[in-house]
K.L.:
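Below you'll find the structure I mean.
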Amino acid sequence: MLKSNPFTVAQKQINDCADVLMLKHAERAMLLRPMRELHVSIPLRMDDGSIRVFQGFRIHYNDARGPCKGGIRFHPDETIDTVRALAAWMTWKCSLLDLPLGGGKGGVVCNPKELSQAELERLSRGYVRAIGDFIGPDKDVPAPDVYTTPQIMAWMMDEYSKMVGKNQFGLITGKPLHLGGSAGRGDATARGGMFTLREAAKKLGLALKNATVAIQGFGNAGSFAARLIESMFGSTIVACSDSKGGVCNHAGISVERICERKNETSSVIGVQGCSDISNEEIIEMDADILVLAALENVVTDKNADKIKAKIVMELANGPTTPEADAILYKRGVHVIPDFLCNAGGVTVSYFEMVQNSYMYYWDINEVHQQLDRRMTHAYHKVLETSKNYRINMRQAAYVLAVQGVVEAMKLRGWV
Ligand code: NAD
């Protein structure tokens, strides 16, 4: 029951953190529920002339620290509770990175793979018309998420600009570069994770040049992580996997080869010179660093005691269960928790908002430097809090993030 509803999990995490911080009743109550929710029905004329009605949501979880920020998912299994949980996690992520933003999220229950391009465009525009009063550059700034793309962001920005009668590039982030997107947004999530990995390795005295790496998940986050670990640190990838299975070679696998194989066959399986490995085995693989970049709940109380890695990087959201967290902490495995490790994406989205409002665009080096500064600072704050409170890195990240939101609510006189 607890694991099947992501919002129940999110609320448990908030309650646990509220206990550590001894929050007052009103503070806790404000954190446990979204501040605002909008439910909409979107009529869509299909290519065959019929009309279908789609359900959509947009949530402002908490905007005490600034306009809400969070992606839009187009997914057939989208539920209001998933959107609530994701909006809560966005609130903590923005606060932890000290971005002047609150947390939000949105979604439409649909399967984009079953829609034509023209239907997808009309649905994207219809969604923006339906939620138009609820969003805006100073109010709530959406972004891409599962099954939504820079092209969809461009349509949404265009529709909103028509509604208000002027260009509004600042409405949405993750836009294409020709329409006010930011340099460096593509690999921002993985690159942000690299900066936290570099700091973690320093803390543990691990030489990244000699380190071995296993990567579960070879999509956007995982494939960029593989390329960057190799190019930035010279570490050796010894295993990687995707939904179909994985490959391993203790002597090392060239990332270029893996990418070629993935492009040719849409799977990493069969890379020359490698043996097969399952997605379960990759987690227990003999490697210094384990990168989790696929799904939630893959490290559990069943396998946490078998993990050999010294550092676990959570690029995925929610890959480790609370029971496994406790085991890893006790065993001294250093976990870089999800809403710290994968915060590079929203951080560069924030840079995109800043560039849109200044009408002045940074070069890639500027983006990388600013991202490095923020991720490194956040990592060390979490590490220090974890030592001070004698809690694990995830609990420490929660304490800092929730404190930031509560402080803002107090200063505004809400609680
Ligand atoms: P993606 O769809 O591009 O890639 C997911 C990868 O996981 C694919 O390679 C897929 O084959 C693989 N996969 C699916 N099921 C698997 C299984 N059972 N075992 C092993 N691999 C499996 O998605 P993504 O954008 O890379 O996101 C991956 C994770 O990172 C998600 O949890 C997402 O929420 C998180 N994340 C991504 C971003 C981002 O900017 N892309 C930002 C923050 C968090």
Side-chain angles (χ1 to χ4, degrees), residues 6 9-10 69-75 78 82-83 85-87 89-90 92-94 96-97 103 105 107 112-113 143-150 153 173-174 181-182 184-194 196 214-228 239-248 255 258-259 261-263 265-269 271 276-285 290-300 303 312-320 336-352 371 375:
V9 173
K69 186 88 196 82
I72 298 167
R73 283 189 173 190
F74 280 4
H75 198 276
E78 193 68 308
T82 311
V83 183
L86 290 162
W89 291 329
M90 281 306 297
W92 319 138
K93 202 183 288 193
C94 291
L96 180 64
L97 268 289
K105 205 80 184 185
K113 291 178 185 165
D145 202 274
V146 175
Y147 292 162
T148 52
T149 60
M153 300 304 109
T173 60
S182 175
R185 180 65 184 85
D187 69 5
T189 300
R191 190 174 292 272
M194 290 305 124
T196 63
I215 303 179
Q216 188 193 49
F218 207 76
N220 181 309
S223 64
F224 277 123
R227 287 190 195 104
L228 291 172
C240 69
S241 69
D242 58 30
S243 58
K244 295 181 184 137
V247 286
C248 109
V255 175
I258 309 171
C259 294
R261 184 76 191 167
K262 181 90 182 166
N263 284 341
T265 65
S266 53
S267 169
V268 299
I269 295 177
V271 177
D276 291 346
I277 185 170
S278 72
N279 263 307
E280 290 73 36
E281 287 165 332
I282 203 167
I283 291 194
E284 300 166 19
M285 171 103 190
L290 173 63
V291 181
L292 301 173
L295 299 175
E296 55 285 350
N297 295 336
V298 291
V299 179
T300 67
N303 58 8
V312 174
M313 266 186 83
E314 294 186 341
L315 285 176
N317 280 313
T320 307
I336 311 176
D338 50 6
F339 72 84
L340 167 64
C341 191
N342 69 30
V346 72
T347 303
V348 176
S349 267
Y350 162 64
F351 297 162
E352 186 174 330
L371 179 63
M375 296 298 298

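What you see is a predicted model; the values in this text were computed from it and never measured. Both ligands and their constituent atoms are indexed starting at 1 by order of listing.
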K.L.:
For atom 34 (O) of ligand 1, what's the nearest protein heavy atom and its distance?
P.N.:
Asn317 ND2, 3.0 Å
K.L.:
What are the two closest non-hydrogen atoms of Thr173 and Ala143, and how far apart are they?
P.N.:
OG1-CB, 3.4 Å
K.L.:
Please say whether more than 12 non-hydrogen atoms of neighbouring residues, nucleotides or ligands are located less than 6.0 Å from CZ in Phe224.
P.N.:
yes
K.L.:
Do the non-hydrogen side-chain atoms of Glu78 and Val146 ever get within less than 4.5 Å of each other?
P.N.:
no
K.L.:
For ligand 1, is there an N or O atom under 3.5 Å from any N or O atom of Leu295?
P.N.:
no
K.L.:
Is it the side chain (CB and beyond), the backbone, both or neither of Thr189 that lies under 4.0 Å from ligand 1, heavy atoms counted?
P.N.:
side chain
K.L.:
Starting from atom 36 (N) of ligand 1, find the nearest protein heavy-atom neighbour and note its residue, name and distance.
P.N.:
Leu315 O, 3.6 Å
K.L.:
Any idea which protein heavy atom is nearest atom 28 (C) of ligand 1, and the distance to it?
P.N.:
Ala293 O, 3.4 Å
K.L.:
Identify the protein heavy atom lying closest to atom 16 (C) of ligand 1, giving its residue, its atom name and the separation to 0.1 Å.
P.N.:
Ser243 CA, 3.6 Å
K.L.:
So if I count the atoms of ligand 1 from 1 in the order they appear, which ones are less than 4.0 Å from some heavy atom of Asp242?
P.N.:
9 (O), 11 (O), 20 (C), 21 (N), 22 (C)
K.L.:
Is the closest heavy-atom distance from Ala316 to ligand 1 below 4.0 Å?
P.N.:
yes
K.L.:
Which atoms form the tightest heavy-atom contact between Met375 and Leu340, and what is the distance?
P.N.:
CE-O, 3.1 Å
K.L.:
Whether the Arg261 and Ser267 side chains hold a donor-acceptor pair (N or O, under 3.5 Å, no angle test) is what I'd like checked.
P.N.:
no
K.L.:
Where do His75 and Tyr147 come nearest, in terms of heavy atoms and distance?
P.N.:
CD2-CE1, 3.7 Å
K.L.:
Provide, to 0.1 Å, the distance between atom 3 (O) of ligand 1 and the closest protein heavy atom, together with that atom's residue and name.
P.N.:
Asn220 N, 2.9 Å
K.L.:
With a 4.0 Å cut-off, would you call Lys105 and Asp145 a salt bridge?
P.N.:
yes
K.L.:
Counting non-hydrogen protein atoms only, what is the nearest one to atom 31 (C) of ligand 1? Give residue, atom name and distance.
P.N.:
Ala294 O, 3.5 Å
K.L.:
When you measure from atom 26 (O) of ligand 1 to every protein heavy atom, which one gives the shortest distance, and what is it?
P.N.:
Ala221 N, 2.8 Å
K.L.:
Between Pro6 and Glu296, is there a side-chain heavy-atom distance shorter than 4.5 Å?
P.N.:
no
K.L.:
Can you pull out the closest protein heavy atom to atom 8 (C) of ligand 1? Residue, atom name and distance to 0.1 Å, please.
P.N.:
Gly219 N, 3.8 Å
K.L.:
Return the minimal non-hydrogen interatomic distance between Glu314 and Cys341, and the atom names on each side.
P.N.:
O-CB, 3.3 Å
K.L.:
With only distance considered, is Asn279 within less than 3.5 Å of ligand 1 through an N or O on each side?
P.N.:
yes
